[in-house]
Amino acid sequence: MSTLINADLVSLDTDLGATADDVIAALAQRVVAAGRATDADQLVADARAREAQSATGLPGGIAIPHCRSAAVTEPTLAFARLTPGADFGATDGPADLVFLIAAPEGSDSAHLTLLSSLARALVRAEFTASLRAAATPGEVVGLVGDVVTPAAAPAAAPAAPAPAAEPAPASVTRLVAVTACPTGIAHTYMAADSLQQAAERAGVELVVETQGSAGANRLEDATIEAADAVIFATDVGVKDRARFGGKPVVVSGVKRAINEPDVMIDEAVRAASDPSAARVDGGREGARASSSASASSADGVGLKLRQWLLTGVSYMIPFVAAGGLLIALGFLLGGYEVALNNSKGVQVAQAIFTDNSLTDLPSATAHALFGSSLLTYLGALIFLLGSWAFSFLVPALAGYIAYAIADRPGIAPGFVMGYVANQIGGGFIGGIVGGLLAGLLASTFTRRSYPRWLQGLMPVVVIPLVSTLGVGLVMLLVLDHPLSWINDSLTDGLNSMSGSSAILLGAVLGLMMAFDLGGPLNKAAYVFAVTGLGTAGALDAGSSQTQIMAAVMIAGMTPPLALALSTALRPRLYTEEERENGKTAWLLGASFISEGAIPFAAADPLRVIPSMMLGSAAAGAMSMAAGVTLKAPHGGIFVFFAVDHVLWFLVSIIVGTVISALSVTALKQVRQRNIDADVPRHYERVGA
């Protein structure tokens with residue numbers, strides 16, 4: 001294992017600029033010059049992206065900008081003692097001690113443990129005093145080595161479980177805490193140590209679970225059971241929070257645990273003896289609920305809603321990727337005809353599945369690969385697999401939104417509401433509404449107390465039954481007809497725009513495809529196009545139906561491609577997870593899977609959705625103006641063989657992609673609010 005820091009990475013009593021960006025850029029150049037990173041710009045972009053999530057300045061003149069980056073070749077620390085200091089967003093002024101912590105994207109747990117050891121040392125006053133007194137870079141290297149070397153021996157072993165609570169006098173308050181930050185390298189462990197020190201000063205027993213990159217030291221069930229209250233100091237979701245169900249809870253961002261640990265410990269002690277304090281909802285058998293719901297700020301409600309939606313989306317994406325790519329592969333092998341109906345009104349793929357086998361192959365379709373009967377058969381089966389996987393998109397979205405709100409009791413009613421949304425034409429938006437209603441109703445039951453004989457039946461029988469019945473009736477009785485009316489009106493309006501208004505029709509279809517990315521408007525435009533392919537003469541050369549199909553597919557491909565391009569152009573504007581989603585979006589967009597843009601739209605709808613609509617409208621209008629036609633209902637660029645005017649097909653996609661990418665990139669320049677301003681600092685009910 002190489003050393004984390006050497007004298008070449010230390011800068012003493014130097015002026016590197018007045019801002020965090022200036023200092024990060026200078027330290028990144030040192031890392032590259034030392035041969036520990038390949039691209040200073042990429043390292044700076046990744047560190048700035050982490051800085052944009054929450055400032056890394058800490059009380060006492062310390063700053064720890066940090067990130068994981070593909071540009072870093074080995075875990076590295078670069079240190080600067082600044083004269084004058086630079087602003088890293090700390091409440092007490094500029095920082096004069098700055099560590100840039102740079103880790104490769106695939107860092108192993110041993111190196112991450114060493115990095116976390118340094119972060120923990122920075123909360124000790126004697127260590128920071130030694131750094132300020134160091135006369136040479138070599139002294140700094142030695143000081144850092146002294147605090148990280150002891151961690152090297154046990155680092156290779158798996159993280160040990162957090163110890164069970166030792167017996168303590170009845171008068172001693174027992175607390176447990178969870179700390180976690182987005183990167184899981186520095187703040188996670190500094191918050192843990194700050195809370196530990198504050199607990200010692202207060203005479204309180206505290207055991208902390210750090211959910212960091214080096215692994216979580218999971219709390220023992222007995223420790224949680226014995227705790228009087230719990231602290232969640234996290235900027236990300238708490239893993240398996242149902243373990244803490246019924247416990248009084250104090251919720252905050254991870255930086256507050258570093259800045260105000262004594263205040264948080266005091267709040268937790270008071271919550272432990274307050275019958276009306278907020279508690280972690282549901283989860284464990286016998287979990288108690290708060291007797292009165294604590295008031296949440298508008299920001300708190302918005303933050304929860306965003307977390308619920310992103311949970312649903314994250315679980316839905318695998319269905320999108322698997323289903324969409326299988327459909328495209330089916331078209332490539334078996335030809336787009338497998339998705340059409342035969343003379344008996346039965347889908348070709350379904351008829352092949354029912355009537356044929358490996359020993360009784362069907363006739364090859366006109367566009368089957370190599371004109372092969374075998375590939376036609378396999379393509380039909382693969383298309384069916386993709387179609388069936390795709391049918392789970394909205395149920396998965398709704399089911400896991402409900403799960404995020406009510407834990408396991410919400411899964412069944414949420415999935416059912418997603419299926420109902422499909423049946424009544426609600427699509428993506430209907431799934432969101434159904435998932436939210438199912439989760440909220442289920443969570444009202446999980447917060448109540450029940451007799452012991454009934455507790456075991458509630459989460460597996462009573463709650464799913466009552467929630468499914470109640471929300472299902474609302475969906476069927478209240479939402480059915482309005483959504484049907486909206487879809488019918490949209491279809492009639494689209495039909496009336498054919499002919500001389502073809503370019504305008506292309507723009508409108510583009511707007512619809514990008515507005516809700518799989519919701520009612522998107523699905524209405526898509527169904528309008530696909531239904532048109534089944535009419536008489538639709539597949540004739542130059543028909544309006546095939547032009548509409550081309551415009552819809554091009555407009556639907558543009559949003560994920562545009563976001564993929566934007567993340568490549570300006571990666572620092574996006575989180576690490578969004579950059580990974582951007583890489584996936586290239587393939588999803590090329591495969592006509594508009595849902596690849598949903599994670600970006602859910603996280604930042606006011607910037608993303610208008611930008612996507614602008615590019616998709618331009619792409620749809622250009623496609624109609626150029627007379628591009630498409631005889632396949634799905635598949636993206638993989639069904640190019642079914643496209644007439646292929647050049648204009650590609651040009652329309654490129655133009656729409658560039659317009660949307662430049663638009664969303666420009667809007668993203670507007671600095672987002674600091675996450676710390678959105679984190680509630682008072683008692684708050686937390687979903688299990």
Audit row: Leu397, Ile401, side-chain contact (heavy atoms from CB on, under 4.5 Å) steps and yes/no: CA-CA 6 Å; Leu397 174 68; Ile401 287 175; 4.0 Å; yes

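- Of the possible polar contacts, one joining the Thr567 side chain to the Leu563 backbone as a donor-acceptor pair under 3.5 Å is found.
- Side-chain N/O atoms of Gln42 and Asp46 include a donor and acceptor closer than 3.5 Å.
- Looking only at distances, no side-chain donor or acceptor of Arg36 sits under 3.5 Å from a matching main-chain atom of Val72.
- The backbone N or O of Ala134 sits less than 3.5 Å from a side-chain atom of Arg81, completing a donor-acceptor pair.
- The heavy-atom pair separating Val23 from Leu82 by the smallest distance is CG2-CD1, 3.9 Å.
- Pairing each heavy atom of Ser611 with each of Ser660, the nearest pair is O-OG, 2.8 Å.
- Ile654 is listed as a side-chain neighbour of Val658, based on a closest heavy-atom distance under 4.5 Å.
- Other residues, nucleotides and ligands contribute more than 12 heavy atoms inside 6.0 Å of the CZ atom of Phe127.
- Thr73 approaches Gly35 most closely through the heavy-atom pair OG1-O, 3.7 Å.
- Annotation for Ala40 and Gln29: closest pair CB-NE2, 3.7 Å, computed over non-hydrogen atoms.
- Looking at heavy atoms from C-beta onward, Ile224 lies out of side-chain contact with Val207 at the 4.5 angstrom threshold.
- The shortest side-chain heavy-atom distance between Glu209 and Arg243 falls under the 4.5 Å cut-off.
- In terms of heavy-atom proximity, Met513 sits nearest to Ser594 at CE-OG, 4.3 Å.
- Here the closest heavy-atom approach between residue Phe79 and residue Ile5 is recorded as CB-CD1, 4.2 Å.
- Looking only at distances, a side-chain donor or acceptor of Arg607 sits under 3.5 Å from a matching main-chain atom of Leu667.
- Aromatic ring orientation, Phe244 versus Phe232: perpendicular (interplanar angle above 60°, classes split at 30° and 60°).
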Test log, rule side-chain contact (heavy atoms from CB on, under 4.5 Å), inputs Phe600 and Val664: CA-CA 10 Å; Phe600 300 90; Val664 72; over 6 Å; no

